[in-house]
Amino acid sequence: MGFDDKKGMDIAYEEAVKGYEEGGVPIGGCLIKEDGTVLGSGHNMRFQKDSATLHGEISTLENCGRLKGNVYKDCTMYTTLSPCDMCTGAIIMYGIKRVVMGENDTFVGGEDYLRQRGIEVVNLNEQRCKDIMNKFIKERPQDWNEDIGTE
């Protein structure tokens, strides 16, 4: 049996809260092996680091460091929000076999493409993830639109 999805999402959510508290977009993630080993976690750092690409999932991968390609094949990416096209591409590129998201009410990313590529996609539909994103979007709509590339 794999790692507990609630524990994985708890780590991702804690990262999202850190991001919010730092003045960033509250999206967090973590990468966990099937045996429960946490390889790394991270959160969206676009505003904190003036970055074009440090979304929550990319930050998570960055914090995992350089790993052999076969390591990713037994992993789940936990993310508080449906992964955007960029993050979807990274998940596919590294062959991560499973994605567990907190919610997709505030944003729907590349879920269908992940499934088409044989990746298991699970939506936990967590209210806490919706609440923190809705709060951010209400407070900083222009920053949210910039983060997802619409402004």
Non-hydrogen atoms of [X] and [Y] that approach each other most closely:
X      : Y      : answer
Ile132 : Cys129 : CG2-O, 3.4 Å
Ser41  : Ile11  : CB-CG2, 3.9 Å
Leu114 : Ile91  : CD2-CG2, 3.8 Å
Ile137 : Thr106 : CD1-CB, 4.1 Å
Ser59  : Met45  : OG-CG, 4.1 Å
Gly28  : Ala16  : N-CB, 3.6 Å

For the hydrophobic clusters of this structure (ILVMFWY residues joined by side-chain heavy atoms under 4.5 Å, transitively), does one cluster hold both [X] and [Y]?
X      : Y      : result
Met77  : Val122 : no
Leu54  : Met86  : yes
Val38  : Leu31  : no
Met101 : Leu61  : yes
Val99  : Val71  : yes

Gap separating the [atom1] atom of [X] from the [atom2] atom of [Y], nearest 0.5 angstrom:
X      : Y      : atom1 : atom2 : answer
Glu15  : Tyr78  : CD    : OH    : 15.0 Å
Thr76  : Leu39  : OG1   : CG    : 10.5 Å
Asn44  : Ile27  : CG    : CD1   : 5.5 Å
Cys75  : Leu67  : SG    : CG    : 7.5 Å
Phe136 : Asp147 : CZ    : CG    : 6.5 Å
Glu103 : Asn134 : CD    : CG    : 7.0 Å

Quick one: salt bridge (Lys or Arg N to Asp or Glu O under 4.0 Å) partners of [X], sequence neighbours excluded?
X      : result
Lys73  : none
Glu14  : none
Glu120 : Arg98
Arg128 : Asp10, Glu126

Exercise for review: Could you tell me whether the side chain of Ile96 reaches within less than 4.5 Å of the side chain of Ile119, counting heavy atoms only?
Suggested key: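 Side chain of Ile119 against side chain of Ile96, heavy atoms only: no contact under 4.5 Å found.
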**Study point:** Beyond-backbone contact of Ser82 with Glu111, side-chain heavy atoms, under 4.5 angstrom
**Key:**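 Answer yes - side chains close enough.
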Practice item. State which residues pass side-chain contact (heavy atoms from CB on, under 4.5 Å) with Asn125; sequence neighbours excluded, sorted by chain then number. Key: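 Asn125: side-chain contact (heavy atoms from CB on, under 4.5 Å) contacts with Asp105, Asn123, Lys130.
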Practice item. Name all residues meeting the side-chain contact (heavy atoms from CB on, under 4.5 Å) criterion together with Asp112; count only those two or more places apart in sequence or in a different chain, and write none if there are none. Key: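 Once residues adjacent in sequence are excluded, the partners of Asp112 under the side-chain contact (heavy atoms from CB on, under 4.5 Å) criterion are Arg115.
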Set of residues satisfying side-chain hydrogen bond (donor to acceptor under 3.5 Å, both in side chains) with respect to [X], sequence neighbours excluded:
X      : answer
Lys135 : none
Glu139 : Tyr20
Thr79  : Glu57
Thr88  : none

Review point. Between Lys18 and Glu21, is the closest basic N to carboxylate O distance under 4.0 Å?
Key: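 So Glu21 does not pair with Lys18 through a salt bridge.
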Exercise for review: Could you walk me through whether Asp143 and Arg46 pass the side chain to side chain contact (heavy atoms under 4.5 Å, CB included) test, one step at a time?
Suggested key: CA-CA 10 Å; Asp143 290 341; Arg46 287 192 65 250; over 6 Å; no
Point to revise | Connected hydrophobic set around Val108, excluding itself, where side chains approach under 4.5 Å | key: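 Same cluster as Val108: nobody, lone residue.
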Practice item. Using the ring-ring contact (aromatic ring centres under 6.0 Å, His included) rule, collect all pairs that involve residues 37-73, keeping only residues at least two apart or in two chains. Key: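 Every pair satisfying ring-ring contact (aromatic ring centres under 6.0 Å, His included) with a residue in residues 37-73: Tyr72-Tyr94.
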